[in-house]
**Student:** 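For reference, the structure I am asking about is given below.
First listed ligand is number 1; within each ligand, the first listed atom is number 1.
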Amino acid sequence: MAVETLPPPQALLDQKENRQQRLTQLYEEIRQLKQQRNAVILSHLYERIEVQNLADHVGDSLGLSRQAASTDAEMIVFCGVHFMAETAKLLSPQKRVFLGNANAGCPMADMITREDLIQFKAQYPGVPVVAYVNTTAEVKAESDVCCTSANAVNVVRAVNTDKILCVPDQHLAKYIQSQVPEVEVIWWNGFCPTHLRMLPEDVISLKHQYPEAMVLAHPECDDPIKELADFIGSTTKIRSTAIQSDKRVFIVCTEDGVRERLSQDCPDKLFLTPTRACAVCPNMKLTRLENIRNTLRDLTDEILIPDEVAVKARKAIDFMMAIDG
Ligand code: 13P
Ligand code: SF4
């Protein structure tokens, strides 16, 4: 078998140096364009680390929604996936909103359409619908209330019902059901392909090697992973729990951007992922610094939502925003 010849060390060091220069140049271009446009850059915790480091605010879906609602900037560049930028537009209709990379979608959000939801509701007349923020504006418009992973349990309690339809994530729905047993949660069969790549046997094997490790899981994980978790919560809550903890080793059961962020936040702690096939959301990794620079420069693919959809979707979001995370 032919052995691959690796470049000599100096060539690798030169590549590293060129990359660093390129990053510095892009950061400067973006800084200038951002100032000219009076723009704010929001980044989800699953984004590439250089994108997170560039952003004005980094966080989970709920935290970034709050930033979008309260910013004084005239323009928002959302580094995340499509439903997040749509939510920012719903919360800040007078601002111009762009996605860092217009091709970044969420496969889970695409697992239910407006027509699917209308049919689902017809099977359960009068039962309210809670839509995970990972849905299109059209699906939110057919829902009673929106939620994120950070506030889903509080939102369902606030709806004050004995039965609720939960779309599209079955795993978030099962988590809500475990926390609010007095409400019957009826779910759609959607799922996150990235979170389902994590296997409980990998968590168990890491726990054998590091018995002192704390297991942190996102509600989108499958039940067997959540059963092994010491803490379950949104990406921001996972991050703050690890930062505040006295533990030194963590098994992070969510997309790899959180592990990378935490490794930067806490260089003296060890963060591991329980997956042989790396837990990377390909859509979250589509946004590169070049895309952000181009978006700020060219203003293409602005997020626009028809008024009749926006008015209805905003009601579901406003209900959620009034509830504490
Ligand atoms: P958070 O709201 O916890 O940031 O999660 C968003 C998401 O898409 C998880 O896959
Ligand atoms: Fe969607 Fe999963 Fe990616 Fe989150 S991690 S954006 S739910 S595909």
**Student:** Check ligand 2 against Glu220 and write out every atom of the ligand that is under 4.0 Å from a heavy-atom position of the residue.
**Tutor:** 2 (Fe), 7 (S)

**Student:** What residue pairs, at least two apart or across chains, pass side chain to side chain donor-acceptor pair (under 3.5 Å) with a residue in residues 97-117?
**Tutor:** Thr113-Asp116, Arg114-Glu142

**Student:** May I ask you to list the residues sharing a hydrophobic cluster with Leu304, side-chain cutoff 4.5 Å, ordered by chain and number?
**Tutor:** none

**Student:** Are Glu28 and Gln32 close enough that a side-chain donor and a side-chain acceptor fall under 3.5 Å?
**Tutor:** yes

**Student:** Under 4.5 Å between side-chain heavy atoms, counting indirect links through other Ile/Leu/Val/Met/Phe/Trp/Tyr residues: same cluster for Ile238 and Tyr46 or not?
**Tutor:** yes

**Student:** Among Val139, Val133, Leu99, which residue satisfies the side chain to side chain contact (heavy atoms under 4.5 Å, CB included) criterion with Phe83?
**Tutor:** Val133

**Student:** Would you please indicate yes or no on a ring centroid separation below 6.0 angstrom for His218 and His195?
**Tutor:** yes

**Student:** Protein residues near ligand 1, heavy-atom distance below 4.0 Å?
**Tutor:** His44, Tyr46, Asp60, Ser61, Asn134, Ser149, His195, His218, Glu220, Ser234, Thr235

**Student:** For a 4.5 angstrom cut-off between non-hydrogen side-chain atoms, does Met320 reach Ile323?
**Tutor:** no

**Student:** Got a salt bridge between Asp318 and Lys315, using NZ or NE/NH1/NH2 to carboxylate O under 4.0 Å?
**Tutor:** no

**Student:** For ligand 2, which atoms have a heavy atom of Asn134 less than 4.0 angstrom away?
**Tutor:** 7 (S)

**Student:** Can you see which heavy atom on Cys253 is nearest to which on Val215, and at what distance?
**Tutor:** SG-CG1, 4.0 Å

**Student:** Any idea which part of Asp169 is under 4.0 Å from ligand 2, heavy-atom wise: side chain, backbone, both or neither?
**Tutor:** neither

**Student:** May I ask you to check whether Gln10 and Asp14 show a side-chain donor-acceptor distance below 3.5 Å?
**Tutor:** yes

**Student:** So, at under 2.8 Å, which protein N, O or S atoms would a careful student list around atom 3 (Fe) of ligand 2?
**Tutor:** Cys281 SG

**Student:** Is Arg293 paired with Glu290 through a side-chain N to carboxylate O contact shorter than 4.0 Å?
**Tutor:** no

